[in-house]
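Reminder, nothing fancy here: chain letters follow the sequence lines and each chain counts from 1.
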Amino acid sequence: AYADDGQSNKVRIFSAGSTINAVTDICNLFIEKKMGEITPSFAASSTLAKQIDQGAPADIYLSANPKWMDFLEKNNMLEPGTRFDLLGNRIVLIAPLNSTMTITIDKGFDLAGVLGDEKLAMGDPDHVPAGIYGKQALESLGVWDSVTLKVARSKDVRAALALVERAEAPLGIVYSTDAAISKKVKVVGVFPEESHPPIIYPVALVAGNATPSARSFMEFLKGEDAKAIFEKYGFNVR
Amino acid sequence: MDFSGLTPLELEALRLSLWISCWAVAGSLGPGILVAWILARKNFPGKTIVDGLVHLPLVLPPVVTGYMLLLIMGRRGMVGSWLYELTGFTFAFNWKGAALASAVMAFPLLVRAVRLSIEGVDQGLEQAARTLGAGPVDLFFTVTLPLVFPGILTGVILAFARSLSEFGATITFVSNIPGETRTLPIALYSLTQMPGGEAGAMRLCIISVVVALIAITSSEILAKRMERKIKGER
Amino acid sequence: MDFSGLTPLELEALRLSLWISCWAVAGSLGPGILVAWILARKNFPGKTIVDGLVHLPLVLPPVVTGYMLLLIMGRRGMVGSWLYELTGFTFAFNWKGAALASAVMAFPLLVRAVRLSIEGVDQGLEQAARTLGAGPVDLFFTVTLPLVFPGILTGVILAFARSLSEFGATITFVSNIPGETRTLPIALYSLTQMPGGEAGAMRLCIISVVVALIAITSSEILAKRMERKIKGER
Amino acid sequence: MTTIRAEKKCVPGYDHENLLDIKLEKVQGNFSVETAFISGGAGVTALFGHSGAGKTSIINMIAGLSHPDSGHIVVNNHCVFDAEKGINIPPEKRRFGYVFQDGRLFPHMSVHANLLYGMKRVKPCYRYIKFDQVVELLGINHLLQRHPATLSGGEKQRVAIGRSLLTSPVLMLMDEPLASLDAARKNEVLPFISRLAGEFSVPILYVTHSIDEILNLADTVVFLSEGKSLAVGGVEEVTSRKDFQSLACCSFLTE
Amino acid sequence: MTTIRAEKKCVPGYDHENLLDIKLEKVQGNFSVETAFISGGAGVTALFGHSGAGKTSIINMIAGLSHPDSGHIVVNNHCVFDAEKGINIPPEKRRFGYVFQDGRLFPHMSVHANLLYGMKRVKPCYRYIKFDQVVELLGINHLLQRHPATLSGGEKQRVAIGRSLLTSPVLMLMDEPLASLDAARKNEVLPFISRLAGEFSVPILYVTHSIDEILNLADTVVFLSEGKSLAVGGVEEVTSRKDFQSLACCSFLTE
Ligand SMILES: Nc1ncnc2c1ncn2[C@@H]1O[C@H](COP(=O)(O)OP(=O)(O)OP(=O)(O)O)[C@@H](O)[C@H]1O
Ligand SMILES: Nc1ncnc2c1ncn2[C@@H]1O[C@H](COP(=O)(O)OP(=O)(O)OP(=O)(O)O)[C@@H](O)[C@H]1O
Ligand SMILES: [Mg+2]
Ligand SMILES: [Mg+2]
């Protein structure tokens with residue numbers, strides 16, 4: 001019943017979990033416009049990268065993290081010259097909607113004091129991209145050391161968001177894209193862009209799969225229609 | 001269940017989940033019973049290693065098991081590449097791979113339940129069968145296996161339920177591919193990654209629970225019926 | 001095991017994992033046996049619902065179970081907030097929460113194994129105990145429970161192994177907090193998500209496997225010893 | 001021969017008229033039990049009937065292991081079951097000793113622990129049977145540390161007899177207790193049972209297929225067929241019946 | 001009485017001298033079996049001894065269910081076990097019928113399926129016992145559709161006898177097969193067993209505690225004590241021994 005149709009001219013895009021809304025909409029639009037067939041798969045950037053490395057039938061890889069793109073590039077799994085920094089994002093400090101906390105993000109701000117006994121929810125700074133950026137931002141602001149022990153490290157940004165939505169954690173660090181859509185949290189501060197390396201979502205064609213239909217979807221991703229959708233969900237299109 | 005209320009996406013995930021779980025259970029049942037019997041009855045050097053291997057998928061985080069499957073059974077994997085060249089068959093990124101991942105994850109549960117039952121079989125009955133002319137294999141199918149039925153049923157239910165919820169190993173091994181490997185838990189994951197996906201996620205949860213309840217209830221009814229048959233009419 | 005070769009991080013994760021798994025198993029053993037007995041022996045309206053509830057953590061993806069735990073037992077959760085106000089006790093973001101998540105995930109395995117064993121107990125022996133003056137509770141502890149020992153052992157091993165690998169529910173419920181909830185699987189997961197983390201992940205894998213092997217082997221030895229005692233010296 | 005020391009000052013709530021008043025009705029599958037018998041005075045009541053006549057079924061009901069659809073069970077003027085009055089004392093409160101047809105030793109306990117199981121659950125002041133005495137009578141001293149799995153058929157049976165005797169019961173139910181014992185052992189156990197009934201006024205309900213045992217042991221005989229009691233009465237009275245003889249006589253053995 | 005139709009043209013590999021030549025040694029825990037007996041000619045060999053003497057242990061070894069440490073087992077000049085020559089035919093190939101002391105009916109099969117289990121595994125040309133005949137002899141026709149769990153003790157025993165008879169065995173091993181049958185049924189089954197030995201030259205090894213059964217059935221008696229055979233010989237010879245009588249006699253019953 002479920003044939004392995006990896007050979008058909010359907011384009012497969014492996015895309016980071018945090019892009020799920022936008023990429024799903026773009027794919028639907030692409031299909032609606034009868035420009036081709038496309039199937040998106042969403043999982044953690046790391047999972048997808050490893051799968052592509054093991055020969056997964058992906059044509060396009062959209063990563064939330066340049067590191068995993070580097071990993072594939074190093075293993076010669078990318079079609080040379082197709083890598084492109086597609087999106088940008090921001091990280092923000094959020095709190096539950098009914099929170100009365102006020103806080104200004106600047107050098108050495110008293111995050112630890114505000115947290116008290118409670119936790120700061122963020123993606124695991126060891127591997128979740130949003131967490132890595134968050135840690136870098138806090139470090140450059142000089143407050144990381146005072147809060148390391150108060151960090152609840154989540155499996156992904158969504159889990160961190162859920163902790164703040166549930167008010168289990170009074171503060172959290174997530175992408176502005178996540179904060180924009182959740183109705184249960186508010187943004188209490190945006191981290192200065194210079195406090196962390198630019199947040200970049202690179203995209204590339206997978207080596208050997210640069211079919212015309214894949215290339216045309218690549219172009220579509222860079223086009224105006226896609227841009228509108230990305231921006232609707234809070235991404236910066238670069 | 002009222003299928004009419006389900007969206008096409010939900011229906012597809014449900015159908016895939018059932019299809020994959022059934023294959024996972026069906027495929028692991030035979031080997032599971034065999035391994036359970038060997039572990040229950042035989043003593044041989046290296047038994048601990050076999051025992052440990054069987055438990056491995058239970059002990060390691062699913063993501064690790066999935067990654068190992070990718071390394072071994074993927075299209076570039078040690079066994080997978082060889083299998084693909086020889087037969088053109090591959091587990092990579094299709095429903096068969098999802099079934100394999102489910103089967104591997106559920107295997108220890110199946111084996112343990114069946115083994116527990118086999119260890120409880122009265123060997124006096126097996127001796128009786130031998131004096132009645134049944135050889136070891138004959139006896140296994142006509143005496144041991146029927147007596148172990150409750151254990152097999154428990155094993156099947158555990159394995160089926162475990163398959164229904166299998167996520168980590170599956171998504172790591174065969175990714176999240178709509179129509180191929182996007183089972184209920186993986187569709188659920190996709191929804192939880194989407195802000196505002198809660199309602200949809202809830203629906204998928206309920207679907208999973210209903211499916212599991214149906215499976216559990218029918219297994220209970222089956223078990224009752226068998227027991228009544230064995231223990232007399234009333 | 002040679003502990004000297006482990007890094008402090010590995011040692012900490014190992015210690016936490018063992019601590020949490022032991023608490024999870026110890027805490028769920030009593031309720032697990034009770035529920036298994038009820039499901040094996042009693043018929044009451046709503047039995048299917050209890051049965052289904054017990055299986056729930058097996059049927060739903062672990063992340064969902066973790067999220068439900070958050071909703072119910074978190075500090076702002078339905079039960080959790082109430083518990084916190086009354087006693088100051090909370091499961092949120094500490095090892096107790098991790099133990100709770102492990103216990104919940106392992107519960108169906110424990111219950112099923114014990115139940116299977118209880119269903120196999122010869123009720124003639126229980127009748128004999130009653131004619132000898134033992135009431136239902138007395139009889140349960142002196143006859144049923146010892147006879148069910150193999151099932152309990154299987155249940156404990158399954159639950160312990162499951163706890164050792166518990167990841168999804170734990171990280172969702174209590175996050176990854178070094179020294180509190182960063183167990184072996186959570187540390188392992190972090191490493192697998194880092195480019196170049198393979199070597200460290202491999203080491204943690206091996207540690208988990210060794211721990212599980214030790215647990216399984218000792219349970220086998222214990223089971224053998226009990227069996228020899230019951231079935232005679234040779 | 002061992003002696004039985006009397007110590008029964010406080011046997012509970014029963015007055016020792018040794019009356020067995022039994023009336024039972026029960027349908028099991030397509031077999032139905034419908035029996036009633038009264039045996040007054042002390043002594044051994046033998047239950048006799050063909051294989052499948054319902055002897056074990058009746059004993060199970062008296063022990064409280066299965067419940068009659070209607071009827072009553074009165075032992076020593078103490079009612080333990082009455083369907084109409086809604087009386088149903090649970091088996092563990094009845095203090096009836098039961099030697100099962102199929103042994104039922106606890107496999108996870110040593111012989112010693114099996115023997116003590118019931119004894120420990122009886123208040124010391126109610127005990128009138130001594131441990132050493134039973135062990136000697138049954139010749140199971142050398143088995144005390146063993147587990148049941150490796151015992152021989154007869155050894156198991158002896159331990160089962162010992163286990164139920166040691167509860168110092170107020171009624172003994174014995175379902176073919178001596179079937180696999182050798183004659184020498186039987187000759188030691190039978191007088192003991194006889195004296196149990198005589199000296200301690202413990203009524204005994206005894207299932208047997210052996211005409212010899214009936215003739216030598218029984219005071220009353222209940223003759224069962226197909227779940228119904230065909231005859232109840234003294235030994236001579238019942239054993240002289242034609243139908244009894246055709247079932248019990250030994251035409252081949254004595255031909 | 002039912003008749004046995006002879007149909008044994010092709011009983012395999014045995015020449016019918018009906019010789020039982022048994023020599024066994026085995027240590028089990030702190031009990032050791034050390035026995036040897038030859039019983040020539042057709043007929044019933046009775047194994048007699050106190051409870052725990054080792055009768056069941058011996059029969060298990062002959063059936064192939066446990067292995068002697070040394071010795072040999074020759075039936076009808078066909079060697080099924082020889083420790084020195086390394087011969088050990090598995091139980092399912094020995095074609096010995098075994099009536100166990102403890103029944104061992106298959107609980108998951110109806111009585112009918114239990115009876116057919118062994119029969120189906122014997123080539124039709126080897127069968128000399130007919131299904132209907134056995135069912136009638138044992139009076140179990142009305143039980144055929146039932147499952148063993150609800151059978152009475154004697155009913156189970158009869159089914160077990162039928163099940164092993166229907167394998168049309170070349171040697172019958174019977175461990176107290178009639179212990180819980182009533183005399184009337186015994187009187188039907190005993191002559192059948194007798195004729196099995198006589199007409200079909202099937203040697204029978206028969207464990208019993210009943211002196212009556214020995215006197216009427218046995219051709220040879222093996223008198224066991226503590227695992228050793230104290231005496232082997234004709235019925236009169238063995239039964240006249242002092243030690244035999246002290247074990248088998250019925251002092252209480254005949255006092
Ligand atoms: N659930 C049941 N359904 C049908 N028949 C039953 C059921 N339970 C018992 N019987 C029948 O009831 C009858 C009486 O059984 P019981 O065990 O009381 O006999 P018994 O007199 O003890 O016989 P024995 O001397 O052989 O032990 C038997 O024929 C048995 O088959
Ligand atoms: N594993 C063992 N360890 C110690 N003793 C054992 C073991 N197995 C059997 N025995 C002993 O061997 C003896 C012989 O047992 P067996 O069953 O052969 O006796 P039997 O002659 O059939 O007696 P019965 O007439 O009571 O059935 C018994 O005393 C038994 O306790
Ligand atoms: Mg009976
Ligand atoms: Mg024996």
* Asked: At a heavy-atom separation under 4.5 Å, does D:Ser180 approach chain E through its side chain, its backbone, both, or neither?
  -> both
* Structure fact -> When the 4.5 angstrom heavy-atom criterion is applied to D:Gln101 and chain E, the contacting part is side chain
* To do: Under the salt bridge (Lys or Arg N to Asp or Glu O under 4.0 Å) rule, what do D:Arg241 and D:Asp243 come out as? Steps first, then yes or no, please.
  => CA-CA 6 Å; D:Arg241 289 171 61 109; D:Asp243 48 4; 2.9 Å; yes
* Asked: For the residue pair D:His50 and D:Phe223, is the inter-centroid distance of their aromatic rings smaller than 6.0 Å?
  -> no
* To do: Please determine, by modelled atom types, if E:Ser152 and D:Thr56 share a side-chain donor-acceptor pair under 3.5 angstrom.
  => no
* **Donor-acceptor side-chain pairing of D:Arg158 and E:Ser51 below 3.5 angstrom** => yes
* So which of E:Lys156, E:Arg146, E:Glu176 has the largest heavy-atom pair count under 4.5 angstrom toward chain D? -> E:Glu176
